[in-house]
Amino acid sequence: MDSKLSEALAAVLDDLRNSGGPIPDVRDAQWSNFPGQVTAMLYTADGSGQGVSAMAAEPLPQRIASVADQVQEWAVEELCRVRRPATWPECTWHPDSHPLAADVRDGRAVWTCPRSGHASDRIGSLRAPAR
Ligand SMILES: [Zn+2]
């Protein structure tokens, strides 16, 4: 897999692991001919796959936020499939309510609360919410 994609994906996979989210089977697959677009596939245990991609020329924070958005989509579908609450990542400020959204703030990829506008630590440093 292209390092421009794998380094962005690594941060998001850390977040999935550290917050108890589902973990995709990531496989190298170039499924786009679009110039500069680097791609892979995310597979679930039942064998269904979803594409993930990044634009190699974008700065790392933008690539992380874009990949986080796509992995989030995958994670929500996977949680749904295994009948777990389909919220990932769960909002730090509003537990049992809504997911965070990936964004770039001050040159860093962060998770933000769409309701309050709060930004979490950088993507890749997520922790499971305290109960
Ligand atoms: Zn919130």
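Counting convention: from 1, in listed order, for ligands and their atoms alike. We number each residue from 1, following the sequence as shown. Here the structure is a predicted model, which means the values were calculated and not measured.
- The Zn ion (ligand 1) sits nearest to atom ND1 when only the N, O or S atoms of His94 are considered.
- Vertex the Zn ion (ligand 1), arms ending at SG of Cys113 and SG of Cys91: the angle is 110° after rounding to 10 degrees.
- A distance-only check finds a donor-acceptor pair linking the side chain of Asp15 to the backbone of Ser125 [under 3.5 Å].
- For His118, every N, O or S atom stays at 2.8 Å or more from the Zn ion (ligand 1).
- At a cut-off of 3.5 Å, with distance as the only test, no side-chain donor of Ser66 or Gln62 sits close to an acceptor on the other residue.
- Salt bridge status for Arg105 with Asp103: present, with a side-chain N to carboxylate O gap under 4.0 Å.
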Applying ring pair (Phe, Tyr, Trp, His ring centres under 6.0 Å), run through Trp88 and Trp111 and close with a yes or a no.
CA-CA 11 Å; Trp88 187 87; Trp111 291 112; 5.5 Å; yes

